[in-house]
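First the proteins, then the strands, lettered A, B, ... as listed; each starts at 1. All figures in this text were calculated on a predicted structure; none of them were measured in a lab.
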Protein chains: 2
Amino acid sequence: VFHAEGVTKVYRMGEMEIHALRGIDLELYAGELTVMLGASGSGKSTLLNILGGLDSATGGSVRYGGQDLVRADDQTLTAYRRDHVGFVFQFYNLISSLTARENVAVVTEIARDPMPPEEALALVGLEGRLDHFPSQLSGGEQQRVAIARAIAKRPAVLLCDEPTGALDSKTGVQVLAAIERINRELGTTTAVITHNAVIGGMADRVIHLSDGRVAQVEVNQRR
Amino acid sequence: VFHAEGVTKVYRMGEMEIHALRGIDLELYAGELTVMLGASGSGKSTLLNILGGLDSATGGSVRYGGQDLVRADDQTLTAYRRDHVGFVFQFYNLISSLTARENVAVVTEIARDPMPPEEALALVGLEGRLDHFPSQLSGGEQQRVAIARAIAKRPAVLLCDEPTGALDSKTGVQVLAAIERINRELGTTTAVITHNAVIGGMADRVIHLSDGRVAQVEVNQRR
Ligand SMILES: Nc1ncnc2c1ncn2[C@@H]1O[C@H](COP(=O)(O)OP(=O)(O)OP(=O)(O)O)[C@@H](O)[C@H]1O
Ligand SMILES: Nc1ncnc2c1ncn2[C@@H]1O[C@H](COP(=O)(O)OP(=O)(O)OP(=O)(O)O)[C@@H](O)[C@H]1O
Ligand SMILES: [Mg+2]
Ligand SMILES: [Mg+2]
């Protein structure tokens, strides 16, 4: 589903260069759940943003469905993100002037076969918070709205950056169950960045990043 | 150091009332490291914000150094926060137009006996990121700047909301070591909200919150 080859990302800051990705070769297979691990600053979010068409690589190629995302224009990338990708951001990115339900609805209204917002929010345990604004929600509740928004559009690809970082283990398990169910029932190709070792148990594949490179790939025989 | 009694916090949303805190009785003792655990939405951040003078309780009392924070005026609270409290927010709250070093310097410039910003940032492993702006930092790097800012002023009280949520275990351990060192070397009264079980091992006291109440207090005989 994804074939990334030699992906580099360089940030230029005045005279300095930060090599966030130093040549990533990566495959994501249809219907699989892949977990991405790595130290703080190792390039995980940068890589996920590129796979999701939110950022562009400096070099290399990322092939999805016959297209190279690295060479795609803005219009193509926008359509790709809208029609194919559900994204959970490390910083949630909720619209502060909209309620939880409205934040999810904004995304489902332009989707082809979405879940009702209430159903997605119930999957993450927020049926009692539908009309709260982000400022009226705890950290973990805001994170769960972001997850509901990503899964409600039933995307072909689900990319999650730290979906359980702000959650206690009980709530985190509930959220992982929702992600794992989307992956299993819809065949959604799923990639999850996490520091939570529990998620590794449900993964088909675990990719370890280190200093902008793939250090190791483990394949689980769980299915 | 802190004596909280019957603390309540009610949020009013139109017709509805959310009872975020339903009568908290709590003691924090000088020089101790207290960990606060509890499910997402159980009231941890709300309680910490009240202890830090960032929010006001609806009822009850919070005594610190002979003052009741619940009845203090804004001027008293501002001086209390500035002179006594170092706060690590769940959402980091960095100033996006300032670099990492400047974000820390803003706080040390008005402190009585601060660390140099560079030293605080080195304690959390960010000596290589001093001139980056928040938008040029990874999630975990932003979180570590927020921690450096809180410890640099060598506060009498250190309140941390999820200081290691976005960090891998190796970086998280480095950050906890910095917090634990401030607590031990300076005698800083420290309260840490976390979902990370590792921190429990270094705590003198563990407080479990559930639905806005204290469910359980464990005392460790570690020192
Ligand atoms: N401004 C507000 N208006 C209405 N309800 C609020 C407001 N702020 C918080 N709440 C509610 O109060 C409850 C407690 O929130 P709090 O942020 O203290 O939880 P928490 O224990 O820190 O959770 P988490 O682990 O998810 O960060 C939550 O159920 C939340 O929905
Ligand atoms: N806009 C930018 N300009 C300069 N450097 C950047 C920029 N964005 C990220 N970086 C740097 O690139 C590196 C990789 O960042 P990235 O956000 O991908 O890390 P991460 O693996 O997601 O870390 P974390 O676990 O802390 O979220 C970091 O060292 C960071 O400082
Ligand atoms: Mg990241
Ligand atoms: Mg919180």
Does a side chain donor of either A/D168 or A/T171 reach within less than 3.5 Å of an acceptor in the other side chain?
yes
Whether A/T190 side chain and A/T188 backbone form a donor-acceptor pair below 3.5 Å
yes
Given that the side chain runs from C-beta out, which part of B/I18 has a heavy atom under 4.5 Å from chain A: side chain, backbone, both or neither?
side chain
Does A/I193 offer a backbone N or O that forms a donor-acceptor pair with the side chain of A/D161 under 3.5 Å?
no
Report the option among A/E141, A/H132, A/R129 that has the most heavy-atom pairs separated by less than 4.5 Å from atoms of chain B.
A/H132
Contact residues of residues 116-125 of chain B (partner chain A; heavy-atom separation under 4.5 angstrom):
none
Is it the backbone or the side chain of A/L137 that comes under 4.5 Å from a heavy atom of chain B, or both, or neither?
neither
Please round to the nearest 0.5 Å and tell me the distance separating atom CD1 of A/I95 and atom CG of A/N103.
5.0 Å
Value rounded to 0.5 Å, distance of OG in A/S169 from CG in A/N196
8.5 Å
How are the rings of B/Y64 and B/F2 set to each other: parallel, tilted or perpendicular (split at 30° and 60°)?
tilted
Calculate, to the nearest 0.5 Å, the distance between atoms CG and NZ belonging to A/N49 and A/K44 respectively.
12.0 Å
OG1/B/T189 to CG/B/L158 distance, rounded to the nearest 0.5 angstrom?
9.5 Å
Using residues 51-58 of chain B as the side-chain source, report each donor-acceptor pair under 3.5 Å to any protein atom, sequence neighbours left out, with the distance given to one decimal.
| from | atom 1 | to | atom 2 | distance (Å) |
| --- | --- | --- | --- | --- |
| B/D55 | OD1 | B/K9 | NZ | 3.3 |
| B/T58 | OG1 | B/V10 | N | 2.8 |

Best-contacting candidate, B/R144, B/M16, B/K170, against chain A by heavy atom pairs under 4.5 angstrom
B/R144
Which portion of A/D131 sits near chain B, non-hydrogen atoms under 4.5 angstrom
backbone
Residues of residues 84-94 of chain A with any heavy atom under 4.5 Å of a heavy atom in chain B:
A/Q90, A/F91, A/Y92
Select one option (side chain, backbone, both, neither) describing which atoms of A/S45 are under 4.5 Å from chain B's heavy atoms.
neither
So CD of B/E109 and NZ of B/K153: to nearest 0.5 Å the spacing works out to 13.0 Å
Does any heavy atom of chain B fall under 4.5 Å from the side chain of A/S40, the backbone, both, or neither of them?
both
Can you give the donor-acceptor pairs under 3.5 Å from side chains of residues 205-215 of chain A to other protein atoms, not counting sequence neighbours?
| from | atom 1 | to | atom 2 | distance (Å) |
| --- | --- | --- | --- | --- |
| A/R205 | NE | A/E32 | OE1 | 2.9 |
| A/R205 | NH2 | A/E32 | OE1 | 3.3 |
| A/R205 | NH2 | A/E32 | OE2 | 3.1 |
| A/H208 | NE2 | A/E218 | OE2 | 2.5 |

Side chains of B/M36 and B/L48, heavy atoms from C-beta outward: is any pair under 4.5 Å?
yes
Chain B contact via A/Q143 - side chain, backbone, both or neither, heavy atoms under 4.5 Å:
neither
Taken to the nearest 0.5 Å, the spacing of B/S96 OG from B/F133 CZ works out to 9.5 Å
